Peer 1: 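Below you will find the structure I want to go over with you.
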Amino acid sequence: MNMAEKIAKMITESKKVSVLTGAGISTESGIPDFRSPGGLWQKFDPSLLSADMLQNDPKNFYRRGLQVLEQINAVKDVKPNKGHYVLANLQKEGKIHCIITQNVDGLHTKAGARDVIEVHGSLDKGFCVVCGKKYSFSHITSLVKEGKIPPLCSCGGLLRPDVVLFGDMLGPHYARAIAEVRKSNLLMVVGSSLEVAPVNHLPDLSSKLVIINREPTLFDRDAVLVWHQQAGKALSQIYDQVQKIAK
Ligand code: NAD
């Protein structure tokens, strides 16, 4: 059996399957990841995206850190790719039960996936750290472009993007992700270096782990199957095999 056949067999034989995705699933849509060669961490200092920077030096966060988030948001007319569509289809067909993502790009939902658990938030939203009033991310960036740095709420509080920054606590979405993975018989990780904590604790909670990633990860030795492959290609082949098994 080839790798696609093996993974398809595991998916169809598992009662509950969860999927955890990372920036690697969206590189085929043109959005750079953080850690690959040419990724965002080769151009930017990760400390720019920290809760500490936002709190203690908000002007610097908005002058420099915001540029990193804008790189993710900058791809014009960004569209989901084959990988996002395969996962959405597998979910619709009841073959996978839960999609957890570290991504903030919203592409799983755009591809038709339902109830995606966005453990690191979403780049289309923002809020006031004082009164909690919600704002769109584009409103925040337009204030910054007008030179209103840092951007402020009508109450005078600091506005921030609704994404998890380094040093932020993870919210209720992460608790849900933990519960879903614990209930699953299989966790399939797609396109993540698994270097970001605490999300990289999820593989330890799964009874069976499959990893699809272009490069090796620290968790490869814990997985029952590891496929070093492009996400779109791997997921398309897996989908074809799942359809064959279903016939
Ligand atoms: P990461 O950059 O640490 O790792 C990405 C992994 O994906 C790498 O190991 C790389 O080898 C692999 N990869 C890249 N392209 C691939 C492809 N086409 N097919 C298969 N594998 C591929 O990203 P991460 O693990 O998600 O963690 C870092 C953080 O990056 C997350 O918190 C996420 O919020 C943030 N991020 C998100 C986006 C986005 O929303 N699209 C983009 C950049 C960073």
Side-chain angles (χ1 to χ4, degrees), residues 3-4 7 19-51 65-76 78-87 99-111 113 116-125 137 161-171 173-174 177 187-203 210-220 223 225-238:
M3 197 56 93
I7 297 175
V19 177
L20 169 66
T21 67
I25 196 167
S26 295
T27 57
E28 289 164 59
S29 291
I31 303 177
D33 65 10
F34 278 163
R35 291 178 179 78
S36 287
L40 293 173
W41 287 163
Q42 290 189 341
K43 290 191 220 149
F44 297 97
D45 173 358
S47 71
L48 290 172
L49 272 195
S50 66
L66 192 70
Q67 285 177 28
V68 186
L69 294 177
E70 284 186 318
Q71 296 285 313
I72 299 175
N73 226 19
V75 184
K76 287 270 168 285
V78 65
K79 291 189 184 72
N81 62 55
K82 280 186 286 193
H84 298 104
Y85 284 114
V86 164
L87 292 180
I99 300 174
I100 303 161
T101 189
Q102 297 167 84
N103 295 344
V104 293
D105 57 31
L107 289 180
H108 286 298
T109 306
K110 268 197 191 163
V116 178
I117 305 180
E118 295 175 313
V119 284
H120 287 165
S122 157
L123 206 44
D124 57 0
K125 294 179 236 139
F137 181 71
D162 194 4
V163 296
V164 173
L165 301 171
F166 292 109
D168 271 334
M169 298 284 285
L170 264 65
H173 298 304
Y174 186 56
L187 175 68
M188 184 163 80
V189 175
V190 183
S192 176
S193 64
L194 291 173
E195 285 191 26
V196 177
V199 172
N200 65 0
H201 297 168
L202 293 174
V210 166
I211 295 177
I212 299 166
N213 200 58
R214 211 163 52 186
E215 290 153 36
T217 78
L218 293 174
F219 287 78
D220 284 5
L225 290 174
V226 177
W227 194 2
H228 294 148
Q229 180 58 274
Q230 293 281 108
K233 186 172 176 186
L235 288 171
S236 301
Q237 291 183 18
I238 291 167

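All ligand and atom numbering here is 1-based and tracks the order in the structure. Only heavy atoms go into these numbers, but all of them, side chains included; no hydrogens, no water, no symmetry mates. On a predicted model such as this, the values are computed, not experimentally measured, just so you know.
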Peer 1: Taking all heavy atoms of Val163 and all of Asp168, pick out the closest pair and write down the distance.
Peer 2: O-OD2, 3.8 Å

Peer 1: Under 30°, 30 to 60°, or over 60°: which ring-plane class applies to His108 and His84, parallel, tilted or perpendicular?
Peer 2: perpendicular

Peer 1: Looking at Asp45 and Ser47, would you say the former's side chain and the latter's main chain have a donor-acceptor pair under 3.5 Å?
Peer 2: yes

Peer 1: Between Glu215 and Ser36, is there a donor-acceptor pair closer than 3.5 Å when you use the side chain of the first and the backbone of the second?
Peer 2: no

Peer 1: For ligand 1, which atoms have a heavy atom of Val196 less than 4.0 angstrom away?
Peer 2: 27 (O), 28 (C)

Peer 1: Taking the side chain as every heavy atom from C-beta outward, state whether Val210 and Met3 have any pair of such atoms under 4.5 Å apart.
Peer 2: no

Peer 1: For ligand 1, find out whether one of its N or O atoms is nearer than 3.5 Å to an N or O atom of Ala231.
Peer 2: yes

Peer 1: Output the list of atoms in ligand 1 that are nearer than 4.0 Å to some heavy atom of Ala23, sorted by atom number.
Peer 2: 23 (O), 24 (P), 26 (O), 36 (N), 37 (C), 38 (C), 42 (C), 43 (C), 44 (C)

Peer 1: So, is Ile212 polar-close to ligand 1, with some N/O to N/O distance under 3.5 Å?
Peer 2: no

Peer 1: Quick one: does Pro32 get a heavy atom under 4.0 Å from ligand 1?
Peer 2: yes

Peer 1: What is the nearest protein non-hydrogen atom to atom 41 (N) of ligand 1, stated with its residue, atom name and distance?
Peer 2: Asp105 OD2, 2.7 Å

Peer 1: Would you say Val104 has any N or O atom under 3.5 Å from an N or O of ligand 1, going by distance alone?
Peer 2: yes

Peer 1: Of the protein's non-hydrogen atoms, which lies at the shortest distance from atom 5 (C) of ligand 1, and what is that distance?
Peer 2: Asp33 OD2, 3.5 Å

Peer 1: Just heavy atoms, cut-off under 4.0 Å: does Asn103 contact ligand 1 by side chain, backbone, both, or neither?
Peer 2: both

Peer 1: Is the contact between Glu215 and ligand 1 made by the side chain, the backbone, both, or neither, using heavy atoms and a 4.0 Å cut-off?
Peer 2: both

Peer 1: Looking at every non-hydrogen atom in both residues, tell me the closest pair between Leu165 and Ser50 and how far apart they are.
Peer 2: CB-C, 3.9 Å

Peer 1: Could you tell me if any non-hydrogen atom of Gly39 lies under 4.0 Å from any atom of ligand 1?
Peer 2: no

Peer 1: Any donor and acceptor pair, going by atom type alone, linking the side chain of Ser29 with main-chain N or O of Lys79 inside 3.5 Å?
Peer 2: yes

Peer 1: Among all protein non-hydrogen atoms, which one is nearest to atom 21 (N) of ligand 1, and what is the separation to 0.1 Å?
Peer 2: Arg214 N, 3.0 Å

Peer 1: Measuring from atom CG of Asn103 to atom OG1 of Thr101, what distance do you get when rounded to the nearest 0.5 angstrom?
Peer 2: 3.5 Å

Peer 1: Please report whether ligand 1 has a polar contact with Gly22, defined as an N or O pair separated by less than 3.5 Å (distance criterion only).
Peer 2: no

Peer 1: Below 4.0 angstrom from a heavy atom of Gln230, which ligand 1 atoms are there? Numbered from 1 as shown, please.
Peer 2: 18 (N), 19 (N)

Peer 1: Can you report which non-hydrogen protein atom sits closest to atom 28 (C) of ligand 1, along with the distance?
Peer 2: Arg35 NH1, 3.4 Å

Peer 1: Measure the distances from the heavy atoms of His120 to every atom of ligand 1 and state whether one is below 4.0 angstrom.
Peer 2: yes

Peer 1: Looking only at atom types and distance, does a side-chain atom of Asn81 sit under 3.5 Å from a main-chain N or O of Ile25, one as donor and one as acceptor?
Peer 2: yes

Peer 1: Could you see which bit of Glu195 sits under 4.0 Å from ligand 1, with heavy atoms only: side chain, backbone, both or neither?
Peer 2: neither

Peer 1: State, with a plain yes or no, whether a side-chain heavy atom of Ile211 is found less than 4.5 Å away from one of Phe219.
Peer 2: yes

Peer 1: Going by the closest heavy atom to atom 10 (C) of ligand 1, which one wins out of Gly24, Ser36, Gly30?
Peer 2: Ser36

Peer 1: Ligand 1 versus Ile31, non-hydrogen atoms closer than 4.0 Å: side chain, backbone, both, neither?
Peer 2: side chain

Peer 1: Would you mind running through ligand 1 and noting each atom that sits below 4.0 Å from a heavy atom of Thr27?
Peer 2: 14 (C), 15 (N), 16 (C), 17 (C), 18 (N)

Peer 1: Go through the steps to decide whether Leu20 and Leu194 satisfy the test side chain to side chain contact (heavy atoms under 4.5 Å, CB included), and finish with yes or no.
Peer 2: CA-CA 10 Å; Leu20 169 66; Leu194 291 173; 4.0 Å; yes

Peer 1: Mark up the atoms of ligand 1 that fall under 4.0 Å of a heavy atom belonging to Gln229, in ascending order.
Peer 2: 19 (N), 20 (C)

Peer 1: Which protein heavy atom lies closest to atom 33 (C) of ligand 1, and at what distance to 0.1 Å?
Peer 2: Gln102 O, 3.1 Å

Peer 1: Enter the distance from Ser193:OG to Gln102:CD here, rounded to the nearest 0.5 Å.
Peer 2: 7.0 Å

Peer 1: Considering only heavy atoms of Glu28, which atoms of ligand 1 have at least one such atom less than 4.0 Å away?
Peer 2: 17 (C), 18 (N), 19 (N)

Peer 1: Would you kindly specify which portion of Ser26 sits under 4.0 Å from ligand 1, judged on non-hydrogen atoms: side chain, backbone, both or neither?
Peer 2: side chain

Peer 1: Taking it one step at a time, do Tyr174 and His201 satisfy side chain to side chain contact (heavy atoms under 4.5 Å, CB included)?
Peer 2: CA-CA 11 Å; Tyr174 186 56; His201 297 168; 3.9 Å; yes

Peer 1: Should one rank Asn213, Ile25, Val189 by closest heavy-atom distance to atom 7 (O) of ligand 1, which comes out on top?
Peer 2: Asn213

